[in-house]
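All remarks here apply to the structure that follows.
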Amino acid sequence: MPVVLVDCNNFYASCERVFVPRLRDKPVAVLSNNDGCIIARSDEVKALNIPMGAPYFKHRETLDAVGAHIFSANFELYGDLSRRVMHTLETFCNQMEVYSIDEAFLHVPAQSDLTQLGEAIHQRVARWTGIPVRVGIGATKTLAKAASELAKKTKKRTFVLDERNRTALAQVKVEDVWGIGRRWGARLRRNHITTALHLCGLSDQQARRYMNVIGLRTVYELRGTPCFPLEAQPPTRKSVVHSRSFGEAVSDPATMREVLTTFVSRAAMKLRRDKLAAHMLHVFLLTGHRHKPDARQDAATIHLSQATNYTPWLLQAANAGLHKAWRPNSSYTKAGVLCYGLVPESPTQGHLFFPTDPRHAALMHTLDTINRKAGHDAVVFAAARPQKKPPAWATRCTLRSPRYTTRWEELPTAYA
DNA sequence: TCTGGGGTCCTAGGACCC
DNA sequence: TCTGGGGTCCTAGGACCC
């Protein structure tokens, strides 16, 4: 059964274009949180040789010079459009794995004209959502990924990779193979393995020597032997993280407590959404900048006596963690909370000394319902209430477009 | 001056147990 | 002087993905 990979082109940039059609052939770039890095580029921006993940400040002049349209990340919009794309894709298959916000693997029945199928997918998604997609088809996930890469290279909307054109793998650079990153790519390159076709020809021993078992599985997949099954059910997650870089450094514990209250509230909401409870909460505080040598991490892990997703208990743990991790005279630029040791929220093992109160779950349910309808900050814990609004530590995102599809007050306006 | 956020898996080494 | 073998669990670090 062939594997079909559907990949949205320049997804975030394409989302911005859906509601501002005049940007269709203009350079568009989307920035990461805090407006730090460039995380999505339209073809026009790619043509300027601005790499993915490049710091914005280094390329600002180049972008300004061509009149590029720059956006702060608007994940609420991207998430909603992604959902619409995925619903459209469901109409083509019985089994689908939503692999990321902009990609899905589909299992389709064997059929004579796969190119035509790719074209049909492209057209329906474009018509129903306004998002352009690319389709790669192969015998395994890794081959479907390679096919998608070849589609990009040959400027086709669909690329079918099979026995007959297997040698096209010579056009795929080794570090562009799914599962081969920069490090392994460089290592393979030093040993004269520069394309996907070379990788295919490695012996198992060689593959194992240059990489690890995951690398070996990648080689098998390139040969046409499936090792990575389609995961229609998302596996239960093992951790939930909420972290942010600050717009302005935080150097007093009271403000950090306000920060962590917000972060824990978000993480707890994610836990409840997935019906999970955490046994452990890890608090981490970072000083300096990632790319500077003096960066330091202060952290603490709190073990909870009972797995929970009840925000007040997690807040208690976070405060204890803050107390342990905080080092005086520090100036923190980023912080986060990590919940792990996750178990299903019910049935939770009862605790002899802290019996659960059924009203807790009801309270959290009410809180989540309100915040889902009215926005994350509609109801917050008092400790999260900032002195100033927005607080100085808030993430910078001055260029964010309206959340057209998820907020009533931000609906697009049409003029006749 | 300014460099994101959220995940997974593998491996090696240390602690600990019998 | 001579000091085993097998197992588990945890952690940190490194690799990868989008």
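Scope of the values below: all heavy atoms of this structure, side chains included, with no hydrogens, waters or symmetry mates. In what follows, every chain begins at residue 1, and chains take the letters A, B, ... in the order their sequences are listed.
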Residues which pass salt bridge (charged side-chain N to carboxylate O under 4.0 Å, His left out) with Arg372(A), listed by chain and number, not counting sequence neighbours: none
Side chain to side chain donor-acceptor pair (under 3.5 Å) partners for Lys46(A), two or more places apart: Asn10(A)
Chain A contact limits on DNA chain C, taken 5' to 3' with a cut-off of 4.0 angstrom to heavy atoms: dA15(C) to dC18(C)
Partner residues of Leu363(A) under the side chain to side chain contact (heavy atoms under 4.5 Å, CB included) criterion, sequence neighbours left out: Tyr310(A)
Any residue meeting salt bridge (charged side-chain N to carboxylate O under 4.0 Å, His left out) with Arg266(A), in chain and number order, not counting sequence neighbours: Asp377(A)
dG4(C) and dC16(B), which share atom name C1', separated by this distance in whole Å: 16 Å
Sugar-phosphate only, base, or nothing, as touched by Phe75(A) at under 4.0 Å among non-hydrogen atoms: nothing
Side-chain touch Val177(A)/Leu199(A), heavy atoms, less than 4.5 angstrom: yes
Most 5' of Leu338(A) and Gly36(A) on DNA chain B, judged by nearest nucleotide: Gly36(A)
Touch class at under 4.0 angstrom, heavy-atom based, for Asp35(A) against every strand present: nothing
Contact residues, residues 215-245 of chain A to DNA chain C [heavy atom, < 4.0 Å]: none
Only pairs under 3.5 Å count here: list side-chain donor-acceptor contacts from residues 227-244 of chain A, not counting sequence neighbours, and write none if there are none.
| from | atom 1 | to | atom 2 | distance (Å) |
| --- | --- | --- | --- | --- |
| Arg237(A) | NE | Asp274(A) | OD2 | 2.7 |
| Arg237(A) | NH2 | Asp274(A) | OD2 | 3.4 |

Side-chain ion pair, Lys26(A) and Glu16(A), N-O less than 4.0 Å: no
Consecutive-pair stems (at least three Watson-Crick or G-U pairs, under 3.5 Å) that include DNA chain C: B:5-18 with C:5-18
Asp204(A) bridged to Arg209(A) by N-O distance under 4.0 Å: no
Set of residues satisfying side chain to side chain donor-acceptor pair (under 3.5 Å) with respect to Thr366(A), sequence neighbours excluded: none
4.5 Å side-chain heavy-atom contact, Arg134(A) and Lys152(A): yes
For DNA chain C, the residues among residues 174-209 of chain A that have a non-hydrogen atom under 4.0 Å from it: Val177(A), Trp178(A), Gly179(A), Ile180(A), Gly181(A), Arg182(A), Arg183(A), Trp184(A)
5′-ward residue of the pair Arg396(A)/Ile214(A) relative to DNA chain B: Arg396(A)
Pairs involving residues 34-79 of chain A, ordered by first then second residue, that meet ring pair (Phe, Tyr, Trp, His ring centres under 6.0 Å) (sequence neighbours left out): Tyr12(A)-Phe75(A), Tyr12(A)-Tyr78(A), Phe75(A)-Tyr78(A)
Distance-only donor-acceptor check, side chains Ser14(A) and Asn9(A), under 3.5 Å: no
Sugar-phosphate only, base, or nothing, as touched by Asn34(A) at under 4.0 Å among non-hydrogen atoms: nothing
Salt bridge (charged side-chain N to carboxylate O under 4.0 Å, His left out) partners for Asp25(A), two or more places apart: none
